[in-house]
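Quick caveat, the model's predicted, so the values are computed rather than measured.
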Amino acid sequence: MELTSNQQSAISQLRHWKVGALFMEPGTGKTRAAIELIRQCPDVDYVLWIGPLRTIRTEPGISSVPDEVDKWGGFGVDAGYFGVESIGGSSRIYLNVMEEVQRHKCVFCVVDESLKIKNANAKRTRRVMEIGKLCSYRLILNGTPLTRNIVDMWAQMEFLSPKILNMTLAKFKSTFCKMRIISKSINGYKYWEKEYITGFTNLDYLHSLTRHYVYQCDLNLNISQSYRHRWFSLSYEEKERYQEIKDYFLEMDELMLRNDN
């Protein structure tokens, strides 16, 4: 089967770089695009595919990434598939992956559903980043557009290359996120502080930093839609009441424990 126009565009944009990201919605064929990108790297001698366990387990009757790779003819070199949960939870598996990567000269590392490494402080993220440092090529795949996960972008871009953003996580937040800090204190001593993201800014600048390395694609379906608009306004008293309720929920300890921005 021939490549779709979206897949061809993705390959054309990323084939000139050793790192890249495919933010393509489900159904747009990002796995096939990744396979073709890997095939265009003649020096690669091993493919390391890291993804959620549910996508790489081979079970009868259930489609998996290895099945799809085989369907399109494979990579042309040996490949290993590892669950990101296993790498984060098992030191033995993590060390095995590191040893496997070090046995090869040129490794192409793919991280599927890269939102699994969005938390820079999580063990799985730190370990995947260490693995990535040993790989010549790095590619991340995700089904969610970049613009929906601005706050999650730092760890993913850092995995690809620290040179893309060239800033710490704290600098990233101060540059692109509008923050609100809620704190509680007793007798003047602060005992709890929580950051909440209220919006984003400087998105054009973020796009300029990442545009060469990120390909985005939405799933276009020929489905007609109709919209109904209902306009309403709030009185001054209603706005005040809304703000009271909003502040109440933002200060709830339960929300703090759930870490729910």
Side-chain angles (χ1 to χ4, degrees), residues 1 3 7 10-11 14-15 18-119 122-144 152 155-156 158-161 215:
M1 183 183 296
L3 295 171
Q7 292 167 337
I11 295 168
L14 299 185
R15 66 184 178 185
K18 286 195 170 184
V19 300
L22 294 177
F23 286 82
M24 302 172 66
E25 289 191 354
T28 55
K30 60 181 177 291
T31 302
R32 173 81 187 281
I35 295 170
E36 297 301 326
L37 275 170
I38 295 169
R39 286 176 177 167
Q40 294 191 18
C41 301
D43 51 340
V44 169
D45 61 357
Y46 182 74
V47 176
L48 172 64
W49 193 287
I50 300 174
L53 279 171
R54 60 178 173 77
T55 66
I56 63 175
R57 283 180 175 149
T58 54
E59 300 179 13
I62 300 178
S63 178
S64 65
V65 169
D67 294 333
E68 188 165 359
V69 171
D70 290 341
K71 181 177 72 173
W72 299 116
F75 301 115
V77 296
D78 291 338
Y81 301 89
F82 295 89
V84 65
E85 302 93 341
S86 301
I87 291 174
S90 170
S91 295
R92 177 184 60 81
I93 293 177
Y94 168 59
L95 293 175
N96 288 342
V97 173
M98 293 285 280
E99 291 174 0
E100 185 66 37
V101 169
Q102 291 170 332
R103 278 198 289 268
H104 295 85
K105 293 181 179 179
C106 186
V107 177
F108 197 121
C109 180
V110 179
V111 176
D112 196 1
E113 294 196 22
S114 59
L115 277 180
K116 294 289 185 179
I117 59 168
K118 67 180 181 179
N119 185 347
K123 183 189 293 185
R124 71 169 62 168
T125 302
R126 297 197 305 269
R127 288 182 169 180
V128 170
M129 284 186 173
E130 289 301 313
I131 293 170
K133 292 176 182 178
L134 302 176
C135 301
S136 302
Y137 296 86
R138 296 181 288 279
L139 179 70
I140 59 176
L141 312 179
N142 205 350
T144 305
D152 303 327
Q156 298 178 74
E158 192 75 3
F159 165 77
L160 293 180
S161 173
Y215 178 82

Q: What pairs of donor and acceptor atoms, side-chain ones from residues 66-84 against any protein atom, are under 3.5 angstrom apart with sequence neighbours left out?
A:
{"from": "Asp67", "atom 1": "OD2", "to": "Ser64", "atom 2": "N", "distance (Å)": "3.3"}
{"from": "Asp67", "atom 1": "OD2", "to": "Ser64", "atom 2": "OG", "distance (Å)": "3.0"}

Q: Does the pair Glu99 and Arg103 meet the rule for a side-chain contact (heavy atoms from CB on, under 4.5 Å), with working shown?
A: CA-CA 6 Å; Glu99 291 174 0; Arg103 278 198 289 268; 4.3 Å; yes
Q: Nearest 0.5 Å please: distance from the CD1 atom of Ile131 over to the CZ atom of Arg126.
A: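 Going from CD1 on Ile131 over to CZ on Arg126, the span is 13.0 Å.
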Q: What are the two closest heavy atoms between Glu85 and Gly51, and how far apart are they?
A: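 Smallest heavy-atom distance, with atoms named: OE1-O, 4.0 Å.
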Q: Looking only at atom types and distance, does a side-chain atom of Arg138 sit under 3.5 Å from a main-chain N or O of Gly132, one as donor and one as acceptor?
A: yes
Q: Report the distance from atom NZ of Lys30 to atom CG of Asn142, rounding to the nearest 0.5 Å.
A: 7.5 Å
Q: Check step by step if side-chain contact (heavy atoms from CB on, under 4.5 Å) holds for Gln156 and Phe23.
A: CA-CA 12 Å; Gln156 298 178 74; Phe23 286 82; 3.9 Å; yes
Q: Please list, one pair per line, the donor and acceptor atoms closer than 3.5 Å that link side chains of residues 86-93 to other protein atoms, with sequence neighbours excluded.
A:
{"from": "Ser90", "atom 1": "OG", "to": "Arg92", "atom 2": "N", "distance (Å)": "3.4"}
{"from": "Ser90", "atom 1": "OG", "to": "Ile93", "atom 2": "N", "distance (Å)": "3.2"}
{"from": "Ser91", "atom 1": "OG", "to": "Arg127", "atom 2": "NH2", "distance (Å)": "2.9"}

Q: About how many Å separate CG of Leu160 and CD1 of Ile140, when rounded to the nearest 0.5 Å?
A: 4.5 Å
Q: Output yes when Arg32 and Glu36 qualify as a salt bridge under the 4.0 Å nitrogen-oxygen rule, no when they do not.
A: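 Yes.
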Q: What pair of heavy atoms forms the shortest contact from Thr125 to Lys118, and how long is it?
A: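 It is OG1-N, 4.2 Å.
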Q: Side-chain donor-acceptor pairs under 3.5 Å in residues 106-113, sequence neighbours left out?
A:
{"from": "Glu113", "atom 1": "OE1", "to": "Arg54", "atom 2": "NH2", "distance (Å)": "2.8"}
{"from": "Glu113", "atom 1": "OE2", "to": "Arg54", "atom 2": "NH2", "distance (Å)": "2.9"}

Q: Which heavy-atom pair separates Leu48 from Val97 by the least distance, and what is that distance?
A: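 Taking every non-hydrogen atom into account, CD2-CG1, 3.9 Å.
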Q: Atom CD1 in Ile35, atom CD in Gln7: separation rounded to 0.5 Å?
A: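 Interatomic distance, Ile35 CD1 to Gln7 CD, rounded to 0.5 Å: 9.5 Å.
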Q: Taking the side chain as everything from C-beta on, heavy atoms only, tell me whether Val65 gets closer than 4.5 Å to Trp49.
A: yes
Q: How many angstroms lie between NZ in Lys116 and OG1 in Thr55, if you round to the nearest 0.5 Å?
A: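 Lys116 atom NZ to Thr55 atom OG1 measures 9.0 Å (nearest 0.5 Å).
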Q: At what distance, to the nearest 0.5 angstrom, does CG of Leu139 lie from CG of Leu22?
A: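 It is 5.0 Å, given to the nearest 0.5 Å.
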